[in-house]
Amino acid sequence: MSLPALPAQPVRDPYHVYLDSLTSPESRRTMRGCLDRIARILTGDPAASGAGLPWHRLRYEHTVRIRTILTEQGWSAAYVNKHLVALRRVLKEAWRLGLLAAEDYARATDLAPVRQARLPAGHHIPPEVVGAALAACEESPAGVRDAALIAVLYSTGCRRSEIAGLRLADYDPAARSLRVRGKRDKERLVYLTAEAVGLVERWLAVRGEHPGPLFGPFTKAGTLRPRPLSGQGIADILTRRLGQAGAPRRTAHDFRRTFIGELLDAGVDLATAQALVGHSSPATTARYDRRPEKRRREAVDRLRLPAPRPLA
């Protein structure tokens with residue numbers, strides 16, 4: 001028995017194939033930016049895109065040079081390595097599409113990650129600053145939403161893209177939980193404090209019980225739009241509310257950093273903290289542990305600077 005003739009499939013661009021394989025819009029946006037920056041390095045064109053670039057022609061000498069140029073930008077190791085991940089993945093798609101020989105693919109992607117020993121970027125947010133930001137949220141629909149949003153950020157440590165992806169069905173008031181979709185579409189449960197639940201319930205009384213995003217934007221006329229807040233929209237809300245409170249600018253990741261630090265300070269074990277914030281590696285969570293820093297500071301506090309006194 002012979003199979004029917006199959007239609008010829010056009011060879012697809014590995015750039016688009018890779019981006020299509022990503023499940024999160026935030027991931028697609030991030031990795032598209034990485035590939036486009038690499039394309040600008042390769043072409044010298046400040047407006048270049050990775051679409052249509054002959055990625056399958058890259059060899060080891062090219063990818064090593066790309067890695068060197070990326071490290072010379074003064075970026076953090078994590079940021080450079082994110083670009084290297086995008087580069088390896090687009091070459092993998094070129095191999096899967098039959099555009100790149102297996103040996104050439106293996107050699108071109110044999111790149112060591114960039115190593116650095118840097119403290120995590122960002123700031124700890126004191127409780128009084130969070131309280132001031134909540135107090136700055138007026139009794140308007142947008143103010144009630146913003147207070148609930150700040151409470152969720154502070155009591156879950158979620159990434160802003162995860163907050164943006166929350167839907168009403170993800171909220172379980174009985175369990176005080178939210179079902180969160182993180183990186184690589186991994187799901188986890190996070191839990192709200194009793195105070196945060198109260199603010200979320202106030203927001204739901206304004207929002208209504210219709211299905212859809214848990215947090216959405218408002219029109220200028222004050223109507224709630226039936227679409228989720230963007231990650232940038234969440235950042236803008238934090239900037240506005242902290243500014244109204246007279247507090248310094250802080251990011252959603254600062255809330256995440258604070259959440260991890262507070263958990264570890266309270267004696268929560270590293271594995272539990274890792275599960276709550278959705279880190280793949282406990283080493284990532286451990287970088288946010290403030291306890292060794294406190295012990296070092298306490299050790300220095302045992303010293304006393306001698307009083308100024310001239311030698312006899």
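From a predicted model like this one, the values you see are computed outputs, not experimental measurements. The first residue in the sequence is number 1, and the count goes up from there.
Between Leu189 and Val180, every side-chain heavy-atom pair lies at or beyond the 4.5 Å cut-off. Using a 4.5 Å cut-off on side-chain heavy atoms (C-beta onward), Leu214 and Asp170 make no contact. Cys137 places a side-chain heavy atom less than 4.5 Å from the side chain of Arg241. Residues Leu192 and Leu199 have side chains not in contact (no heavy-atom distance under 4.5 Å, counting atoms from C-beta outward). Residues Leu166 and Tyr171 fail the side-chain proximity criterion, which asks for heavy atoms closer than 4.5 Å. Considering only heavy atoms from C-beta on, Phe255 stays 4.5 Å or farther from Cys158 through its side chain. Side-chain contact between Val17 and Asp20 is absent, with no heavy atoms from C-beta onward closer than 4.5 Å. Looking at Pro217 and Arg227, their side chains come closer than 4.5 Å, going by heavy atoms from C-beta outward.
We find the CG-CG distance between Asp104 and Leu99 to be 12.0 Å, quoted to the nearest 0.5 Å. Rounding to the nearest 0.5 Å places CG of Leu264 at 11.0 Å from CD of Gln274. Distance check: Tyr191 OH to Asp172 CG gives 9.0 Å after rounding to the nearest 0.5 Å. Atom CD of residue Glu262 and atom OH of residue Tyr154 lie 4.5 Å apart, to the nearest 0.5 angstrom. Rounding to the nearest 0.5 Å gives a distance of 4.5 Å between CD1 of Ile125 and OG1 of Thr258. Interatomic distance, CZ of Arg89 versus SG of Cys34, reported as 12.5 Å (0.5 Å rounding).
Of the possible polar contacts, one joining the Asp36 side chain to the Gly50 backbone as a donor-acceptor pair under 3.5 Å is found. In this structure, the side chain of Ser177 does not engage the main chain of Pro173 through any donor-acceptor pair within 3.5 Å. Thr63 places a side-chain N or O within 3.5 Å of a backbone atom of Ala108 that can act as its donor or acceptor partner. Counting only distance, with no hydrogens or angles, the side chain of Arg115 and the backbone of Ala112 share no donor-acceptor pair below 3.5 Å. For Gln73 (side chain) and Leu70 (main-chain N/O), no donor-acceptor pair under 3.5 Å exists by modelled atom type. Looking at His279, its side chain never comes within 3.5 Å of a backbone N or O of Ala275 through a donor-acceptor pair. For the pair Asp254 (side chain) and His123 (backbone), a donor-acceptor distance under 3.5 Å is present. No side-chain donor-acceptor contact under 3.5 Å links Arg309 to the backbone of Pro306. Under a 3.5 Å cut-off, the side chain of Asp13 and the backbone N or O of Ala51 do not form any donor-acceptor pair. Judged purely by atom type and a 3.5 angstrom limit, Arg249 has no side-chain atom pairing as donor or acceptor with the backbone of Thr239.
Considering His253, Lys183, Glu26 as possible partners of Arg159, the one that fulfils the side-chain contact (heavy atoms from CB on, under 4.5 Å) test is Lys183. Considering Arg29, Arg28, Arg32 as possible partners of Leu22, the one that fulfils the side-chain contact (heavy atoms from CB on, under 4.5 Å) test is Arg28.
Few gaps surround CZ on Arg188; more than 12 heavy atoms of other groups in view lie less than 6.0 Å from it. For Phe218, the CZ atom sits in a packed shell: over 12 heavy atoms of surrounding residues, nucleotides or ligands are nearer than 6.0 Å. Arg57 CZ: 12 or fewer foreign heavy atoms inside a 6.0 Å radius.
Put simply, Val152 and Val129 are part of the same group of oily side chains (I, L, V, M, F, W, Y) that touch within less than 4.5 Å, one to the next. Grouping the Ile, Leu, Val, Met, Phe, Trp and Tyr side chains by contacts below 4.5 angstrom, directly or via other members, places Leu19 with Ile38. Note: the hydrophobic cluster containing Ile234 also contains Leu178 (ILVMFWY, side chain heavy atoms under 4.5 Å, direct or indirect links). No path of Ile, Leu, Val, Met, Phe, Trp and Tyr side chains, each step under 4.5 Å between heavy atoms, connects Leu270 with Val190, placing them in separate hydrophobic clusters. Taken together through direct or relayed side-chain contacts under 4.5 Å among Ile, Leu, Val, Met, Phe, Trp and Tyr, Leu134 and Ile163 form part of one hydrophobic cluster.
The salt bridge (Lys or Arg N to Asp or Glu O under 4.0 Å) test applied to Glu103 returns Arg107, not counting sequence neighbours. Listed by chain and residue number, nothing satisfies the salt bridge (Lys or Arg N to Asp or Glu O under 4.0 Å) test with Asp269 (two or more places apart in sequence, or in another chain). Partners of Arg37 under the salt bridge (Lys or Arg N to Asp or Glu O under 4.0 Å) rule, at least two apart in sequence or in another chain, do not exist in this structure. Evaluation of the ring-ring contact (aromatic ring centres under 6.0 Å, His included) rule for Tyr105 yields Trp95 as partners, not counting sequence neighbours. Under the rule for a side chain to side chain contact (heavy atoms under 4.5 Å, CB included), the partners of Lys186 that lie at least two apart in sequence or sit in another chain are Arg184, Ser280.
Pairing each heavy atom of Ala136 with each of Ala245, the nearest pair is CB-N, 4.1 Å. The two residues Ala252 and Leu153 come nearest to each other via the heavy atoms CB-CD2, 4.2 Å. Closest of all the heavy-atom pairs between Ala48 and Thr43 is CB-OG1, 3.3 Å. Closest non-hydrogen pair, Asp146 versus Arg240, comes out as OD2-NH2, 3.6 Å. Here the closest heavy-atom approach between residue Ala148 and residue Phe215 is recorded as CB-CE2, 3.9 Å. Across all their heavy atoms, Trp203 and Pro141 have their closest contact at CZ3-O, 3.7 Å.
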* To do: Tell me, with the steps shown, if Arg256 and Val277 meet side-chain contact (heavy atoms from CB on, under 4.5 Å).
  => CA-CA 8 Å; Arg256 182 171 173 81; Val277 296; 3.7 Å; yes

* To do: Step by step, work out the side-chain hydrogen bond (donor to acceptor under 3.5 Å, both in side chains) result for Glu138 and Ser140.
  => CA-CA 6 Å; Glu138 70 281 353; Ser140 67; 2.7 Å; yes

* **Intermediate values then yes/no, salt bridge (Lys or Arg N to Asp or Glu O under 4.0 Å), Glu187 and Arg179** => CA-CA 7 Å; Glu187 286 192 348; Arg179 183 177 298 275; 3.3 Å; yes

* To do: Start with the C-alpha gap between Arg88 and Leu111, add the side-chain angles, then the distance that decides, and say whether side-chain contact (heavy atoms from CB on, under 4.5 Å) holds.
  => CA-CA 9 Å; Arg88 292 189 191 96; Leu111 300 170; 3.9 Å; yes

* To do: Go through the steps for Arg67 and Leu84 under the test side-chain contact (heavy atoms from CB on, under 4.5 Å), then give the verdict.
  => CA-CA 7 Å; Arg67 182 185 183 278; Leu84 295 180; 4.1 Å; yes

* Is there a side-chain contact (heavy atoms from CB on, under 4.5 Å) between Leu168 and His210 once you walk through the steps? -> CA-CA 8 Å; Leu168 178 63; His210 54 275; over 6 Å; no

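In this structure, Tyr15 and Trp55 have parallel ring planes: the angle between them is below the 30° cut-off, well short of the 60° mark.
Counting only residues at least two apart or on different chains, the salt bridge (Lys or Arg N to Asp or Glu O under 4.0 Å) pairs with a member in residues 191-218 are Glu139-Arg202.
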